Amino acid sequence: MADQEEEELGVALRMSMQNSPPEPKRSKPRDAGAPAASPEESRRIQRELMAAAAEKRMLATRIASSSPSLSHSPSPSPSPSPSPSPSPSPSKATIDRNPGKSADCVRKEVNFGAKEGNSGLELSSEEVNQLFSMVFGSGVSKDILAQWSNQGIRFSPDPETSMGLVQHEGGPCGVLATIQAFVLKYLLFFPNEIGKVTSNAPQNLGPGRLSKGQYVASDNFGSLTEDAKARALVKSMGEILFMCGDNKRAVIATLNVVGLDTKGFAKNEIVAKALEGLSIESAFDLQKILRIETHTSQTSALQKLHKALPVFQSRMGALLFLISALLSRGLDSIQSDRDDPSLPLVTAPFGHASQEIVNLLLCGQAVPNVFDGRMDLGGGMFLKGIFTSVEVGFLTLLESLNFCKVGQHLKCPKWPIWVVGSESHYTVLFALDTTVQDENELEERESQIRRAFDAQDQSGGGGFISVEGFHQVLREAGIRLPSEKLDHLCSTGFIVWSEFWQVILDLDKSLGGLKDSSGLMGKKVFDLYHFNGIAKSDLNGSHTTSGGETPVQRPRLTKLRVSVPPRWTPEEFMADVVVTSGPVGNESSGKDTEVTKPEPSQHAPLVDCIRTRWSRAVCNWVGDPPSIV
């Protein structure tokens with residue numbers, strides 16, 4: 001009878017092993033001092049263990065076969081086959097292709113020795129090779145790998161820039177600047193979300209900007225607590241990862257480290273010790289240390305991020321977060337987002353984050369362009385841009401040099417925060433006042449006309465449209481041009497925006513134009529702040545020691561006063577424009593205010609970036625000019 005039971009259990013066990021079973025956990029060895037069990041007792045225990053293993057394997061097989069794979073999986077699911085597939089090696093594991101599945105059934109659990117176990121999934125060799133090649137390419141230098149494996153996500157210890165993330169290595173600035181932008185969103189406009197309650201703060205993360213005049217954030221950055229900054233960082237990382245995962249999941253990449261459940265500052269020491277002597281030079285090096293978890297619950301994801309914060313603060317932090325974002329989106333989906341998937345995401349020869357990385361973290365898709373929608377090149381070919389509105393935006397010096405055109409989605413985000421790109425670096429520009437993007441009546445009219453024009457522009461922001469498209473613009477915008485002006489604009493067979501705009505400025509409002517005899521309507525004055533996370537020596541903030549002055553390594557924060565004349569103001573009127581010394585905001589109310597002559601305009605490359613958002617802006621600051629490199 002006993003032999004028959006063992007044979008039946010053996011058959012069940014062999015059947016279950018036909019569908020990719022993990023290696024069963026082995027029981028702990030018996031204590032040598034314990035009395036030996038009887039043969040009957042040993043046989044009973046063996047049958048129970050075999051039955052439990054068989055039941056678990058068969059349950060996993062049923063779940064795996066009945067659950068469809070996600071379309072945004074990090075690697076394609078194997079196609080169903082009528083014949084049993086061979087079992088993979090127990091040392092490899094694949095990413096959970098259905099977050100809805102039971103994690104206990106479909107994940108490989110890794111016990112790191114901590115009390116509760118720092119479980120995680122090890123990527124297979126195929127997946128980690130695909131990931132490494134996608135990020136760095138095949139001929140990446142050791143210098144670039146060192147840059148990306150020596151940059152943590154840490155706040156500045158300097159009180160004046162304590163809200164900012166410090167960058168010590170070149171390369172990962174695109175990742176840090178984008179995280180920084182989301183962190184500022186929480187620190188400035190959602191202090192109640194991070195434990196710093198303010199009575200007039202917005203209470204939720206609803207869509208769209210706040211209504212005019214509703215909220216102005218504080219610039220007392222030195223008052224931020226470490227706990228508040230940590231909460232803002234965790235929430236920012238969670239928001240970005242779920243955005244990359246279509247708001248369905250977040251994949252969190254951490255390290256194979258023992259003891260992350262330890263409380264207090266010991267976590268940082270544990271992580272630092274685990275990274276001693278570690279260098280990332282190949283996909284195999286990455287596979288050894290990388291562990292991932294998939295979360296479909298925002299609560300559980302935030303808890304995991306908070307627990308793993310010392311890992312992200314470590315020198316591997318920026319790279320781990322990039323990997324988390326890529327896996328959250330799915331490696332196959334990342335490649336389909338791109339125009340040229342053959343190029344690495346980290347660009348040679350300096351190891352900078354590509355625009356695809358920045359766009360992934362800003363909008364959840366690794367598209368390579370910054371214009372709205374997509375550009376049809378004909379013949380079934382097209383280029384992909386930004387398809388949706390974003391929480392924080394993007395400006396670039398390259399637009400001022402006419403190398404690209406940033407669309408309205410990135411240029412006008414929900415919150416007045418922008419990642420700023422130069423030829424070699426990413427920084428952050430932000431305002432404390434949520435009204436800086438509000439438009440008055442004439443600005444709204446201009447935006448309406450420009451949107452109608454851009455909708456017909458197939459040149460990717462080149463600023464010209466066909467005659468047929470031009471007539472569509474006139475109909476949509478309600479513009480009635482005199483016949484002589486219409487014939488003149490259409491005489492060349494295409495219409496250029498700059499020429500069309502000059503006609504609109506000289507066209508009476510009754511005909512749909514923007515002619516304004518005073519030239520004063522729409523004038524704005526407001527403050528912007530620019531943050532550059534690269535730590536530089538600052539003699540002005542030196543510490544005095546017995547050996548003399550020691551320069552402080554600190555990021556740079558610059559406050560700019562911005563005066564924006566109306567975009568339709570004639571050039572000859574610009575010299576006479578005055579700015580108020582009153583509160584920041586729109587100055588078209590007609591109230592009597594004290595006025596002064598404008599200060600001489602100061603210039604830096606950042607000003608050119610600002611002017612791509614606010615045309616002909618006049619900027620002033622105190623001290624060194626803001627740097628975007």
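Model, not experiment: these values are computed from the prediction. All values below were derived from every heavy atom in this structure, side-chain atoms included, with hydrogens, water molecules and symmetry-related copies excluded. All residue numbers in this chain count up from 1 along the given sequence.
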Problem set entry | Side-chain donor or acceptor of Gln180 paired with backbone N/O of Met163 under 3.5 Å |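 Side chain of Gln180 to backbone of Met163, a donor-acceptor pair under 3.5 Å: yes, one is there.
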For this session: Give a yes or no answer on whether the side chain of Glu356 reaches the backbone of Leu345 with a donor-acceptor pair at less than 3.5 Å.
Result: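 Looks like no, no N/O pair under 3.5 Å.
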Exercise. With a 4.0 Å cut-off, would you call Lys273 and Glu276 a salt bridge?
Worked result: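 No, no charged N to carboxylate O under 4.0 Å.
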For this session: For the pair Lys384 and Asp337, find out whether any cationic side-chain nitrogen is under 4.0 Å from an anionic carboxylate oxygen.
Result: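 No, Lys384 and Asp337 are not salt-bridged.
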Quick one, [X] and [Y] - any side-chain contact, counting heavy atoms below 4.5 Å?
X      : Y      : value
Ile240 : Cys244 : yes
Thr427 : His530 : yes
His168 : Asn150 : no
Arg291 : Glu122 : yes

Enumerate, atom names and distances included, each donor-acceptor pair closer than 3.5 Å involving a side-chain atom of residues 135-147, sequence neighbours excluded.
residue: Ser141; atom: OG; partner: Ile144; partner atom: N; Å: 3.3

Problem set entry | Test log, rule side chain to side chain contact (heavy atoms under 4.5 Å, CB included), inputs Arg554 and Val166 | CA-CA 8 Å; Arg554 60 194 294 179; Val166 183; over 6 Å; no
Exercise. Have Thr396 and Glu399 got a donor and an acceptor in their side chains that come within less than 3.5 Å?
Worked result: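 No, Glu399 and Thr396 have no side-chain donor paired with an acceptor closer than 3.5 Å.
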Exercise. To the nearest 0.5 Å, what is the distance between CZ (Phe387) and CG (Asp372)?
Worked result: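 Going from CZ on Phe387 over to CG on Asp372, the span is 9.5 Å.
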For this session: Measure the CD1-OG1 distance between Ile292 and Thr254 for me, rounded to the nearest 0.5 Å.
Result: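 Taking CD1 in Ile292 and OG1 in Thr254, the distance rounds to 9.5 Å.
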For this session: Specify whether Trp415 and Phe190 have parallel, tilted or perpendicular ring planes, treating 30° as the upper limit for parallel and 60° as the lower limit for perpendicular.
Result: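 Plane angle over 60°, so perpendicular.
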Exercise. Which of parallel (below 30°), tilted (30 to 60°) and perpendicular (above 60°) describes Phe430 and Tyr529?
Worked result: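 Ring orientation of Phe430 relative to Tyr529: parallel.
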Exercise. If every non-hydrogen atom of His425 is compared with every non-hydrogen atom of Asn532, which pair is closest and at what distance?
Worked result: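 Looking at all heavy atoms of both residues, the shortest contact is NE2-OD1, 2.9 Å.
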Problem set entry | Residue that, paired with Leu241, satisfies side chain to side chain contact (heavy atoms under 4.5 Å, CB included) out of Leu361, Ile252, Leu327, Val251 |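 Among the candidates, only Ile252 passes.
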